[in-house]
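Report on the following structure.
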Amino acid sequence: MDNKTMARLLAETADLMEIDGADSFRVRSYRRAADAAEQTTVDLVEAANDAARLMEIDGIGKSMAAKLQAIVATGTLPQRDELLAKYGVGILELLKLPGMGPKTVTLLWDAAQIGTVDQLAGAIDAGRLKGLPRMGDKQIEKLRKGIEDYRRSVGRFRIDVAEEEAERIVAYLKKFKGIDKVTPAGSLRRGRETIGDLDLLATGPACAPEKTGAAVEYIAAYPGIHDIIVKGENKVSFHVAQGMQVDVRLLPSASYGAALQYFTGSKAHNVVLRQRALKMGYTLNEWALARLDDESIVAAATEEEIYSALKMDWMPPEMRENLGEIDAAADHKLPRVVALSDIRGDVHMHTAASDGRNSIGEMAEAAIACGYQYIAITDHSKFIGITNGLDEKRVLEQIKQVREVDSAIKGRIRIFTGIEVDILADGALALADEVLAQMDVVIASIHSRFDQSREEMTQRVMRAIENPNVRILGHPTGRLLLRREPFALDMGAILRRAAELGVAMEHNAAPERLDLNDHDLRLAKELGCKIVMSSDSHDSRNLGKMGYGARQLRRAWLTPEDVLNTRDAKGFLAGLRPRA
DNA sequence: GCCGTTTTCGGCCCGACTGTTTTCAGTCG
Ligand SMILES: Nc1nc2c(ncn2[C@H]2C[C@H](O)[C@@H](COP(=O)(O)OP(=O)(O)OP(=O)(O)O)O2)c(=O)[nH]1
Ligand SMILES: [Mg+2]
Ligand SMILES: [Mg+2]
Ligand SMILES: [Zn+2]
């Protein structure tokens, strides 16, 4: 049992309760608890014997704490089991169809004994839906298309992929006279590692009420469109050929701040912010913040004005996940989170000596162009499955080469020696200790045997960081976004020990990794671990591309002090694990 | 079911779009 599974059980229970006709606020509290289980840094299994500790988590009360304890003890939740026995598992998938909500699921179940997607598809083909309440021809066609879209849907997208798509669409939209500004919002603006859809805010005179007709037609004529989902006066939603959904929202320039605030979200942040507005005698929507009594507008043009009228500091979009930022902003206690521009060096990169493309000198020149003060050359160690990994002899040669280039470059940048040494299946390292001891930056990483059990993997990493030469744990979970799951690991135990030893955790900023993720970065900070953000470049052109990584650090509320490579070269080395 | 700068009871965000609704329900952002 783990937090993620517990979150899924609670979310499924919420879905089932809603289909079963439960009170909607009660359903909402289950959804809230599911989100809390997923986002909390408390290990729910560890905390299960302490109800008071569970109840400290926002959204977990007395009753939810007891349910969490039951899940840990038995592996299931009786409520969920009973409802599943009544409706069958297929009902959960049915609810996932676009356009399908709890009311329609209940109708189909009561009136036509439909409880799975396949049964629905069969009923549509057989014409069995005709005559059901609220089931006209258009509604039935909508459901048929819903099944088609669901079966074709590809899920979420990596943020770099989403951003590229967004840039194409933004460029098209901006060409329309009267659309002044197109601002990406939603999870893309918040910097989430994956993006469910693109949310684009269009503002300008052509987006003002009663005047949107031409702009809407122009948007709907975007050449990349596969199909249009909805098209109204104030918004257009469509799929592009690659399957990504795009929501374009049109609002007048005077509402820009309220609109951007709304469309940036997150949903949970919006709901709490709107509740705060109500308590203060205001109402907040995407058009404006207005007084409840005479409906006069208090703020609308900028986000700063909205937050300020709510007696809060403005905060970066990355922090808007309802994880304490509303209270912090109201108390004027928001931390100054780290920015990409704070980064002064990059200490994980490969050269042509192993599987990179460039020489040491080329990497150094590229780093100078990025404005960095130092880099470390960290090629792979010799290991099965690694192209061209360095053995002890080649490592020693490379140390010499690095020192030569470093002195030839005459202080324009500092080049540290280093290695990305493999952690073998038993936790030993792939290079001899005497050699590792001669290098500045020793990153230990796992590139093999991802299938080990949680206990084996935890022991393996523990043994590796106990080696006094290891100064950074590289891409600690090994995940590849949307391709390979993180390996099973007791992250809390690793981070606690790493903090004691002074081993820094890497945030690998390659967009397919972003490892550690935002959640584990928050946990690392809580447990006192230092972080190093690195590009893991295999090509000099990728140096400096750590923007998505910086967004993850900000999502974890990390400040420059938490990130070692915001320091100068001397400070960076001093922040690493002390050498014996 | 959760929660408290009026509350331990009585609230719980707010608007756009679609369909068959003759006055609004359902779904989604
Ligand atoms: N007030 C309010 N705003 C919402 C609600 N649902 C969505 N929003 C706002 C905040 C969201 O960030 C924004 C875009 O909605 P999306 O469904 O696209 O969510 P988001 O982009 O955050 O995540 P995603 O990666 O697309 O799954 O719209 C809601 O129920 N109430
Ligand atoms: Mg979105
Ligand atoms: Mg959206
Ligand atoms: Zn690696």
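Letters go in sequence order (proteins before strands), and every chain restarts at 1. Computed from a predicted model, the values in this text were never measured in an experiment.
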Kindly point out which of [options] is positioned nearest to the side chain of [X]?
X: A:Pro102; options: B:dC13, B:dG1, B:dT27; answer: B:dT27
X: A:Tyr30; options: B:dC13, B:dG1, B:dG29; answer: B:dG1
X: A:Phe263; options: B:dG29, B:dC13, B:dG19; answer: B:dG29
X: A:Lys279; options: B:dG1, B:dG29, B:dT5; answer: B:dT5
X: A:Ser63; options: B:dG29, B:dC13, B:dG1; answer: B:dG1

Separation of atom NZ in A:Lys96 from atom P in B:dC28, rounded to whole Å
13 Å

Separation of B:dC3 atom C1' from A:Ile326 atom CD1, nearest Å, is 16 Å

Per nearest nucleotide of DNA chain B, the residue lying toward the 5' end, A:Met135 or A:Arg26, is A:Arg26

First of A:Asp58 and A:Lys138 reached from the 5' end of DNA chain B, by closest nucleotide:
A:Asp58

Any salt bridge linking A:Glu325 with A:Arg190? Criterion: basic side-chain nitrogen under 4.0 Å from a carboxylate oxygen.
no

Provide the full list of side-chain hydrogen bond (donor to acceptor under 3.5 Å, both in side chains) pairs with a residue in residues 83-103 of chain A, sequence neighbours left out, each pair given once.
A:Asp20-A:Lys86, A:Asp20-A:Tyr87, A:Glu93-A:Tyr150

Tell me which pairs pass side-chain hydrogen bond (donor to acceptor under 3.5 Å, both in side chains) where either residue lies in residues 219-242 of chain A, with sequence neighbours left out.
A:Lys145-A:Asp227, A:Glu217-A:Lys231, A:Asp227-A:His239, A:Ser237-A:Asp247

Determine the sole option in A:Arg156, A:Arg555, A:Arg479 for which the salt bridge (charged side-chain N to carboxylate O under 4.0 Å, His left out) test with A:Glu193 is passed.
A:Arg479

Looking at [X], I'd like to know whether one of its side-chain N or O atoms comes within less than 4.0 Å of OP1 or OP2 on [N].
X: A:Ser237; N: B:dG29; result: no
X: A:Arg276; N: B:dC13; result: no
X: A:Lys67; N: B:dG1; result: yes
X: A:Gln275; N: B:dC13; result: yes
X: A:Gln245; N: B:dG29; result: yes

Extract from the structure each pairing of a protein N or O with an N or O of nucleotides 15-17 of chain B at less than 3.5 Å, listing the distance.
{"from": "B:dG15", "atom 1": "OP1", "to": "A:Asn285", "atom 2": "ND2", "distance (Å)": "3.1"}
{"from": "B:dA16", "atom 1": "OP1", "to": "A:Trp287", "atom 2": "NE1", "distance (Å)": "3.4"}
{"from": "B:dC17", "atom 1": "OP1", "to": "A:Glu233", "atom 2": "N", "distance (Å)": "2.8"}
{"from": "B:dC17", "atom 1": "OP1", "to": "A:Asn234", "atom 2": "N", "distance (Å)": "2.5"}
{"from": "B:dC17", "atom 1": "OP1", "to": "A:Lys235", "atom 2": "N", "distance (Å)": "3.0"}

Identified pairing partner of B:dC24, criterion: Watson-Crick or G-U wobble below 3.5 Å
B:dG19

